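Everything on this sheet refers to the single structure shown next.
Index from 1, following the sequence. Since the structure is predicted, the reported quantities are computational estimates derived from the model, not experimental observations.
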Amino acid sequence: MIRAALAAALALLPLAVHAQPSFRREVDPFAVLDSVGTRFAQPFLGGYARPRPHLVDLDGDLDFDLVVQEATGRATRFENMGGGAFAHRTDRFLDGLGAFEWLRFVRFDNDPYPDLLLEQPLGYVQAWRGTATGAFEQVADTVRLATGRPAFVDRQNLPAVADLTGDGRLDMLYAAVDGGLVFFEGTTPEPSGAPRFLAPVEPYQGIHIVGEFGKDAGTRHGASALALHDVDGDGDLDLLWGDFFNASFYLVRNDGTPQTPRLVVSGNRFPAALPFVSSGFNAPAFGDLSGDGRADLVVGVVGGSFGQNRTADPPLFRFDGRAAPGTFAAPVPLLSTLDLGDGAVPAVADFDDDGVPDLIAGTTQGRLRAFVNIGNTLRPVWQPVALDVPFDPNRYAAAPTIADLDGDGQADLVVGAFDGTARWLRRTGAFRFEDGGVLVQPPRAQRLRPALGDVDGDGDLDLVAGDAGGRTFVYRNTGTRAAPAFALVTETLVPRSLLRYAPALADVTGDGRVDLALGVEATGGVRFFTLPSIDRAVPLPDTLEALPGATPAFFDADGDGDPDLLVGADGGGFVFFRNGGASSGAAAVVAGVHPQPARTVAHLVLALGTAQTVGAEAFDVLGRRVARLNETPLDGGAQTLAFDVSAWPPGVYTVRVTSGGQIVAAARVVVVW
């Protein structure tokens, strides 16, 4: 009786129905040019700050595809399109395989599908078998020694896995944190096919590598990435060693035979004729990418002891192999994409008064970079342009956003910084700004991410900001449009968490009020909220999957009147989402739900303005989909959709009505037993 009464009460609660944003990711939505005018092939991949590349034939077409791991448990897949070009396929490759710190593609069975070894916390190695569907199935949750003990590998070190001893079994090498080379010799595999190893030998063949520079020469060691490959073309496997304290590679040459290796450290700069300088901890991968029969070298700069000022630009590149083994052409970028270095934060507006949206972006290092739009409102074309901003030594982790705070109709900047300030940069000309002073500095704030919009509907700009402590501050503008004054209203607009938040403000629901998009920087999601009052945020059901470091900014990229979304990422680039908008003229209204509460079947009565294709999805209070009705053609007028709810647990469910893939209406359904 109590449950039925509660359900009846819930059924009487009004449900505010908003047009839901319908965002679609695109990696090449419009032209972005580099500093010499060359168009990036895929400008909005998100950039790379700590890439670990892997070359493997994933689709069986006899060329090397690319997998890039940028963060724990996340990998991006690219398909090799020939001619050195790679096409982005997914940022969620290997989802469901856990929080792996490193991975290695290997083959430990006799089928044509690549298998996987990957590390799971802390130091355990799992074995996964590749299947014909492209999925992986686990065959060993812990790779073991012949004695039955686990084969531990330090999680910050990327091992090399190949048949070093020429006996047809996989061996494994990794560099311990003390600089010693650890060797796991392969032995009889497990019945499942998973590899098994003999007890580790350390230091293998007496090899012990530490940094050799500065006043502490000979005493430094650190995380490493190793790869086995026949570098010198003599038929046996050599070892390339990227170390935290080496701006290049150590070459450990094999002077033995394919069956009896003899490893000798033969230099700390490789390729010898083309030494490159990076921040250290370089991750190597070998493969013939050009189809000329020569092995090319792909390098990802994970980042080591030399600091960001020495990081290779871009941090993911390739050396094309030449005719003589071990010799290479000068490095070139592996992917054609926009990458500003680290921690990109976008601000998009017309910064030169020509009526089309330009880009100004901040980075973790505190730099501001500008791109002018030489295209038009329908087809932007962004290219780098000089930016005149006052120097601010405290602008580390620069986070710009747009505002017009002096009422002159020009887009100014408000820049958040690591010191917790939000500083006004007043625009005085095309891409030229002067310091307007600090607007706000919330108490105890660090790494402030501001956004401005008319949250309280009084015609001036209020300020919302997230910080590194997981707070969302709201400041009401108690001044005017031309003379702002900000007063703190709350520091918990959204419940506080341990995650960094980055806000953006725009009307995405089409109700005439400002809504909130909140980038969750740690996970890479973007959450959406309506703002019924200046101190209250109501979550919308959808979450957008972006990349770690998500910092959203709205702008109209295609002139269709709705806000599209550009999201910065920790990797130093951006991902772009086009807003499909809500249906116009074909909107649906839920005229009623009966019975309410429902026990066996729930009927949704729709009022359709026109004939259209309509479907529906039902979600529980945790946002999990429990049912779906495929879209089918319906005539205009009153129509009914029916859900079988007999197997649904008691509770309150949200039903979203879709038309043409867009959400056009919503309703609550209460289920009781």
(request) Mark yes or no for whether Asn254, through its side chain, and Pro261, through its backbone, hold a donor-acceptor pair below 3.5 Å. (result) no
In residues 181-192, what donor-acceptor pairs under 3.5 Å come from side-chain atoms, sequence neighbours left out?
residue : atom : partner : partner atom : Å
Ser192  : OG   : Val139  : O            : 3.3
Ser192  : OG   : Ala194  : N            : 3.4

(request) Report yes or no: does Asp171 contribute a side-chain atom to a donor-acceptor pair with the main-chain N or O of Leu164 at less than 3.5 Å? (result) yes
(request) Give the C-alpha distance, both sets of side-chain angles, the deciding distance and a yes or no for side-chain hydrogen bond (donor to acceptor under 3.5 Å, both in side chains) between Asn246 and Ser248. (result) CA-CA 5 Å; Asn246 187 347; Ser248 182; 5.0 Å; no
(request) Would you give the length of the straight line joining atom CZ of Phe249 to atom CG of Asp243, rounded to the nearest 0.5 angstrom? (result) 11.0 Å
(message) Test side-chain contact (heavy atoms from CB on, under 4.5 Å) on Asp232 and Asp238; report intermediate values, then the result.
(response) CA-CA 8 Å; Asp232 52 15; Asp238 309 294; 3.0 Å; yes
(request) Check Glu70 against Pro51 and note the closest heavy-atom contact, atom names and distance. (result) OE1-N, 3.2 Å
(message) Any heavy-atom pair between the side chains of Ile207 and Val252 that's under 4.5 Å?
(response) yes
(message) Does any part of the side chain of Arg92, heavy atoms only, come nearer than 4.5 Å to the side chain of Arg74, both counted from C-beta?
(response) yes
(request) Scan residues 320-334 for pairs that pass side-chain hydrogen bond (donor to acceptor under 3.5 Å, both in side chains), counting only residues two or more places apart or in two chains. (result) Arg318-Asp320
(request) Calculate, to the nearest 0.5 Å, the distance between atoms CG and CG belonging to Leu334 and Asp296 respectively. (result) 10.0 Å
(message) Strictly distance-based, threshold 3.5 Å: is any side-chain N or O of Asp230 a donor or acceptor partner for the main-chain N or O of Asp234?
(response) yes
(request) Pick out which of Val655, Val626, Val671 makes a side-chain contact (heavy atoms from CB on, under 4.5 Å) with Phe643. (result) Val655
(message) Take a 6.0 Å sphere around CZ of Arg196 and say whether it holds more than 12 heavy atoms from other residues, nucleotides or ligands.
(response) yes
(request) Mind listing the closest non-hydrogen atom pair of Gly130 and Asp111 along with its distance? (result) O-OD2, 3.8 Å
(request) Could you check Thr257 against Asp236 for side-chain hydrogen bond (donor to acceptor under 3.5 Å, both in side chains), going step by step and ending with a plain yes or no? (result) CA-CA 6 Å; Thr257 68; Asp236 53 35; over 6 Å; no
(message) Let's go through Asp339 and Leu316 carefully: what are the C-alpha distance in whole Å and the side-chain angles of both, what is the deciding distance for side-chain contact (heavy atoms from CB on, under 4.5 Å) to 0.1 Å, and is it a yes or a no?
(response) CA-CA 10 Å; Asp339 193 331; Leu316 187 61; over 6 Å; no
(message) Just so I know, are the side chains of Trp128 and Leu117 near enough to count as touching, which here means a heavy-atom distance under 4.5 Å?
(response) no
(message) Set out, in order, the CA-CA distance, both residues' side-chain angles and the distance that settles side-chain contact (heavy atoms from CB on, under 4.5 Å) for Tyr48 and Val301, then state yes or no.
(response) CA-CA 9 Å; Tyr48 294 96; Val301 181; over 6 Å; no
(request) Identify the heavy atoms of Arg25 and Val575 that sit nearest to each other, and give their distance. (result) NH2-CG1, 3.1 Å
(request) Report the relative orientation of the aromatic rings in Phe23 and Phe577; use parallel for angles under 30°, tilted for 30 to 60°, perpendicular for over 60°. (result) perpendicular
(request) For Tyr124 and Phe152, run ring pair (Phe, Tyr, Trp, His ring centres under 6.0 Å): C-alpha distance rounded to whole Å, both residues' side-chain angles, the deciding distance at 0.1 Å, then the answer. (result) CA-CA 5 Å; Tyr124 293 91; Phe152 285 110; 4.8 Å; yes
(message) How long is the straight-line distance from CG of Leu547 back to CG of Asp91, given to the nearest 0.5 Å?
(response) 5.0 Å
(request) Examine distances only and state if a side-chain atom of Asp65 and a backbone atom of Asp57 form a donor-acceptor pair shorter than 3.5 Å. (result) no
(message) Closer than 3.5 angstrom, by distance alone: can the side chain of Ser224 be matched with the main-chain N or O of Ala175 as a donor-acceptor pair?
(response) no
(request) Measure across Glu521 and Ala550 and return the closest heavy-atom pair with its distance rounded to 0.1 Å. (result) CG-O, 3.5 Å
(message) Less than 4.0 angstrom from a charged side-chain N to a carboxylate O is my criterion; do Arg129 and Asp109 meet it?
(response) yes
(request) Find out whether Pro195 and Val161 are in side-chain contact, i.e. whether some heavy atom of one side chain is under 4.5 Å from a heavy atom of the other. (result) no
(request) Mind running side-chain hydrogen bond (donor to acceptor under 3.5 Å, both in side chains) on Ser336 and Gln42 for me, showing each step along the way? (result) CA-CA 6 Å; Ser336 176; Gln42 299 175 104; over 6 Å; no
(request) Could you tell me the separation between the CG atom of Leu55 and the CG atom of Asn80, rounded to the nearest 0.5 Å? (result) 9.0 Å
(request) Decide yes or no for Gln126 and Thr142: does some side-chain heavy atom of the first lie under 4.5 Å from some side-chain heavy atom of the second? (result) no
(message) I'd like to know if the side chain of Ser266 and the backbone of Leu251 have a donor-acceptor N/O pair within less than 3.5 Å.
(response) yes
(message) Could you check whether any side-chain N or O of Arg104 sits under 3.5 Å from a backbone N or O of Pro159, counting only pairs where one atom can act as donor and the other as acceptor?
(response) yes
(request) Indicate yes or no: at least one non-hydrogen side-chain atom of Phe197 is less than 4.5 angstrom from one of Met172. (result) yes
(request) Supply the atom-to-atom distance Leu338 CG to Leu45 CG, rounded to the nearest 0.5 angstrom. (result) 9.5 Å
(message) Closer than 3.5 angstrom, by distance alone: can the side chain of Asp163 be matched with the main-chain N or O of Gly168 as a donor-acceptor pair?
(response) yes
(request) Verify, without hydrogens or angle tests, whether His208 (side chain) and Asp178 (backbone) share a donor-acceptor contact under 3.5 angstrom. (result) yes
(request) Would you check if the side chain of Gln120 reaches a backbone N or O of Leu97 as a donor-acceptor pair within less than 3.5 Å? (result) yes
(message) For the NE2 atom of His229 and the CG atom of Leu237, what is their distance to the nearest 0.5 Å?
(response) 8.5 Å
(message) For Phe78 and His88, take the angle between the two ring planes, folded into 0 to 90°, and tell me which bin it lands in: parallel under 30, tilted 30 to 60, perpendicular over 60.
(response) perpendicular
(message) Check Arg24 with Glu26, please: is the shortest side-chain N to carboxylate O separation under 4.0 Å?
(response) yes
(request) Answer whether the closest heavy-atom distance between the side chains of Leu239 and Tyr204 falls below 4.5 Å. (result) no
(request) Please report the closest heavy-atom contact between Asn282 and Ala247, naming both atoms and the distance. (result) ND2-O, 3.3 Å
(request) Report yes if some heavy atom in the side chain of Val67 is under 4.5 Å from a heavy atom in the side chain of Gln69; otherwise report no. (result) no
(message) Please give me the minimum heavy-atom distance between Leu145 and Ala199, naming the atom from each residue.
(response) CD1-CA, 4.2 Å
(request) Begin from the C-alpha positions of Phe281 and Leu158 and carry the test side-chain contact (heavy atoms from CB on, under 4.5 Å) through to its verdict. (result) CA-CA 10 Å; Phe281 198 176; Leu158 284 69; 4.1 Å; yes
